[in-house]
> 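Sending over a structure as structure tokens; questions will come in a sec.
The basis for the numbers below is simple: all heavy atoms, side chains too, and nothing from hydrogens, waters or symmetry mates. Numbers restart at 1 for each chain; the letters A, B, ... are given by sequence-line order, proteins then strands.
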2 protein chains.
Amino acid sequence: MYLVSKREKQRYFSIREMSETLDISFHFLTKALQPLTQKGILVSSRGPAGGVSFLKAPEEVTLMEIILILEGEDFFNSCMLGLDGCGLQRPCPVHGVWMDIKSILMKEFSSISLAMIGDKTFTQHLRLMNV
Amino acid sequence: MYLVSKREKQRYFSIREMSETLDISFHFLTKALQPLTQKGILVSSRGPAGGVSFLKAPEEVTLMEIILILEGEDFFNSCMLGLDGCGLQRPCPVHGVWMDIKSILMKEFSSISLAMIGDKTFTQHLRLMNV
DNA sequence: TTTAATTAAGACTTTTTTATCTTAAATAAG
DNA sequence: CTTATTTAAGATAAAAAAGTCTTAATTAAA
């Protein structure tokens with residue numbers, strides 16, 4: 001969100017600067033960003049004037065994608081009771097409700113792009129950190 | 001869910017028996033049930049023929065109540081980015097979406113009673129455990 | 001070509017959560 | 001009244017998650 005709210009697709013933003021602006025530990029942020037780079041959402045450059053930048057156009061990156069990368073690809077595949085093989089064949093008592101809820105969540109998160117969030121953050125001066 | 005699916009409101013069901021049926025550690029289950037007893041959803045009895053039973057009628061207990069008791073009363077009050085004081089006055093970029101999603105979740109969970117789940121589990125022979 | 005700046009990767013530490021164990025208290029039955 | 005059975009509560013242990021640190025690799029600029 002920080003990156004896209006800058007609205008400069010070309011340049012690299014250093015993680016150090018980002019961590020200081022957002023008041024997040026540098027090492028923590030570095031680690032958090034790595035899977036995004038590995039999955040091709042971001043591209044990184046080492047050395048002076050290095051940092052991270054979007055590889056994939058933020059218009060094409062949904063919140064859903066980010067959530068799946070950061071939380072794990074089967075984040076929306078779990079049974080509410082934690083049962084193995086819970087599905088239409090052998091459902092748990094809340095399988096139906098939970099499926100409905102999950103599909104609403106997935107639909108919603110899939111409909112929001114990072115570009116939309118960036119624009120909103122930029123134009124409405126919204127905050128990404130405390131204070 | 002186990003308790004209500006038994007559809008015998010009067011008698012106490014022992015936690016030992018329940019833990020064996022559901023294949024959950026006895027001590028773990030005991031601990032999990034304690035907040036429900038403390039909050040007046042269940043009533044317990046020690047000694048021979050003791051166990052737990054519903055105090056509040058399961059028709060009047062919603063999934064929402066159970067979730068709030070087990071996960072904490074402010075389970076649905078968090079900011080998606082973890083910001084303090086995120087609200088209409090000083091929202092984060094995803095405040096609106098997140099609010100919408102949370103209200104759908106709360107509405108859904110509030111509309112489901114344990115009695116409904118128990119009936120469904122009983123009549124459709126649904127499972128509460130693996131295998 | 002050397003140096004400073006920067007991310008990557010993995011080891012390590014700390015914190016939090018989850019799970020278990022022990023002891024105490026209560027209760028029904030003999 | 002004593003004993004066996006059962007939950008309650010708190011202490012302890014184990015596992016998982018979160019966070020930090022160190023070293024390596026890369027890159028641009030002097």
Side-chain angles (χ1 to χ4, degrees), chain A residues 2-3 6 8 10-56 66-75 78-84 129-130, chain B residues 2-3 6 8 10-56 66-75 78-84 129-130:
Chain A
Y2 171 90
L3 258 195
K6 291 296 184 182
E8 287 184 66
Q10 316 305 340
R11 66 170 278 223
Y12 290 118
F13 287 90
S14 90
I15 300 179
R16 173 71 64 186
E17 178 195 311
M18 202 186 306
S19 76
E20 283 165 4
T21 303
L22 299 178
D23 197 29
I24 298 176
S25 131
F26 166 72
H27 289 296
F28 177 75
L29 186 57
T30 298
K31 249 196 167 169
L33 292 173
Q34 281 170 6
L36 297 178
T37 303
Q38 287 161 356
K39 292 294 179 96
I41 306 293
L42 304 179
V43 61
S44 69
S45 170
R46 299 179 181 186
V52 291
S53 183
F54 277 100
L55 176 58
K56 193 166 174 180
I66 304 294
I67 291 172
L68 290 182
I69 291 174
L70 297 182
E71 303 295 333
E73 292 296 326
D74 56 355
F75 189 63
S78 57
C79 165
M80 195 174 178
L81 306 189
L83 303 188
D84 296 334
M129 55 168 303
N130 283 319
Chain B
Y2 172 90
L3 257 194
K6 290 296 182 183
E8 287 184 68
Q10 316 304 342
R11 67 170 278 223
Y12 290 117
F13 287 89
S14 90
I15 301 180
R16 173 72 63 185
E17 179 195 311
M18 202 187 304
S19 76
E20 285 166 2
T21 303
L22 298 178
D23 196 31
I24 298 176
S25 132
F26 166 71
H27 289 295
F28 177 75
L29 186 56
T30 297
K31 253 202 162 164
L33 292 173
Q34 282 169 6
L36 298 177
T37 302
Q38 289 161 354
K39 292 293 181 98
I41 306 293
L42 304 178
V43 60
S44 69
S45 171
R46 299 178 182 189
V52 291
S53 183
F54 276 100
L55 176 58
K56 193 165 174 180
I66 304 295
I67 291 172
L68 290 182
I69 291 173
L70 297 181
E71 303 295 333
E73 294 296 327
D74 57 354
F75 189 63
S78 56
C79 164
M80 195 172 179
L81 305 190
L83 302 189
D84 297 334
M129 54 169 302
N130 283 320

> Looking at residues at least two apart in the chain, or sitting in another chain, which of them share a salt bridge (charged side-chain N to carboxylate O under 4.0 Å, His left out) with B:E8?
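For B:E8, the residues satisfying salt bridge (charged side-chain N to carboxylate O under 4.0 Å, His left out) (neighbours in sequence not counted) are B:R11.
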> How does each nucleotide of nucleotides 14-21 of chain C score, in 5' to 3' order, for protein heavy atoms under 4.0 Å: base (B), sugar-phosphate only (S), or none (-)?
-----BBB
> State which residues pass side chain to side chain donor-acceptor pair (under 3.5 Å) with B:Y2; sequence neighbours excluded, sorted by chain then number.
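Side chain to side chain donor-acceptor pair (under 3.5 Å) check on B:Y2 returns B:E17.
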> Send over the distance from B:Y12 OH to C:dA28 P, rounded to a whole Å.
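In whole Å, C:dA28 P lies 8 Å from B:Y12 OH.
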> How far does CZ of B:F54 sit from CD1 of B:I41, to the nearest 0.5 angstrom?
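Result: 8.0 Å between the selected atoms.
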> So which protein N/O to nucleotides 26-30 of chain D N/O distances come out below 3.5 Å?
unit_1: D:dT26; atom_1: O4'; unit_2: A:R46; atom_2: NH1; d: 3.4
unit_1: D:dT27; atom_1: O4'; unit_2: A:R46; atom_2: O; d: 3.4

> Could you work out, with side-chain contact (heavy atoms from CB on, under 4.5 Å) as the rule, every residue matching B:S53, not counting sequence neighbours?
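Expected list: B:Y12, B:V43.
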> Could you tell me which non-hydrogen atom of A:T21 sits nearest to which non-hydrogen atom of A:M129, and how far apart they are?
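For A:T21 versus A:M129, the nearest heavy atoms are O-SD, 2.8 Å.
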> Hey, is CG on B:D23 packed in by over 12 heavy atoms from elsewhere, all under 6.0 Å?
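At most 12 heavy atoms, drawn from other residues, nucleotides or ligands, come within 6.0 Å of this atom.
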> I'd like to know if the side chain of A:D84 reaches the main chain of B:N130, judged simply by a donor and an acceptor atom lying under 3.5 Å from each other, with no hydrogens or angles considered.
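Side chain of A:D84 to backbone of B:N130: no pair is present.
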> Counting only side-chain N and O atoms of B:S44, is one of them less than 4.0 Å from OP1 or OP2 of D:dA8?
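Yes, within the criterion.
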> Just the rounded figure in Å: distance from P of D:dT6 to CE of B:M18.
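Roughly 13 Å, once rounded to whole Å.
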> Salt bridge (charged side-chain N to carboxylate O under 4.0 Å, His left out) with A:K56: which residues, sequence neighbours excluded?
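Checked A:K56 against salt bridge (charged side-chain N to carboxylate O under 4.0 Å, His left out); matches are A:E65.
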> Tell me, please, which residues at least two apart from B:Q10 pass side-chain contact (heavy atoms from CB on, under 4.5 Å).
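In terms of side-chain contact (heavy atoms from CB on, under 4.5 Å), with neighbours along the sequence ignored, B:Q10 is linked to no residue.
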> Can you check the A:I15 CD1 to C:dA9 P distance for me, whole Å?
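From A:I15 CD1 to C:dA9 P: 11 Å.
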> Quantify the bending of the helix from C:dT1-D:dA30 to C:dG30-D:dC1 as the angle between its end axes, each fitted on five pairs, to 10°.
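Taking the rotation axis at each end, their angle is 0°.
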> Atom CG of A:L29 and atom C1' of D:dG19: how far apart are they, to the nearest Å?
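A:L29 atom CG is separated from D:dG19 atom C1' by 13 Å.
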> Enumerate donor-acceptor pairs with a distance under 3.5 Å from any side-chain N or O in residues 25-40 of chain B to protein atoms, sequence neighbours excluded.
unit_1: B:S25; atom_1: OG; unit_2: B:H27; atom_2: N; d: 3.4
unit_1: B:S25; atom_1: OG; unit_2: B:F28; atom_2: N; d: 3.0
unit_1: B:T30; atom_1: OG1; unit_2: B:F26; atom_2: O; d: 2.8
unit_1: B:T37; atom_1: OG1; unit_2: B:L33; atom_2: O; d: 3.4

> Would you mind telling me which of D:dT6, C:dA9, C:dT7 lies closest to the side-chain atoms of A:S14?
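Nearest listed nucleotide: C:dT7.
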> Can you list, by residue number, the residues of residues 35-43 of chain B that have a non-hydrogen atom closer than 4.0 angstrom to DNA chain D?
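B:T37, B:Q38 - these, ordered by number, are the residues of the stretch whose heavy atoms sit under 4.0 Å from the strand.
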> Rounding to a whole Å, what distance do you find between A:R16:CZ and D:dT20:P?
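Distance check: A:R16 CZ to D:dT20 P gives 12 Å.
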> Specify the separation, in whole Å, of atom CD of A:E20 and atom P of C:dA5.
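Nearest whole value for this atom pair: 14 Å.
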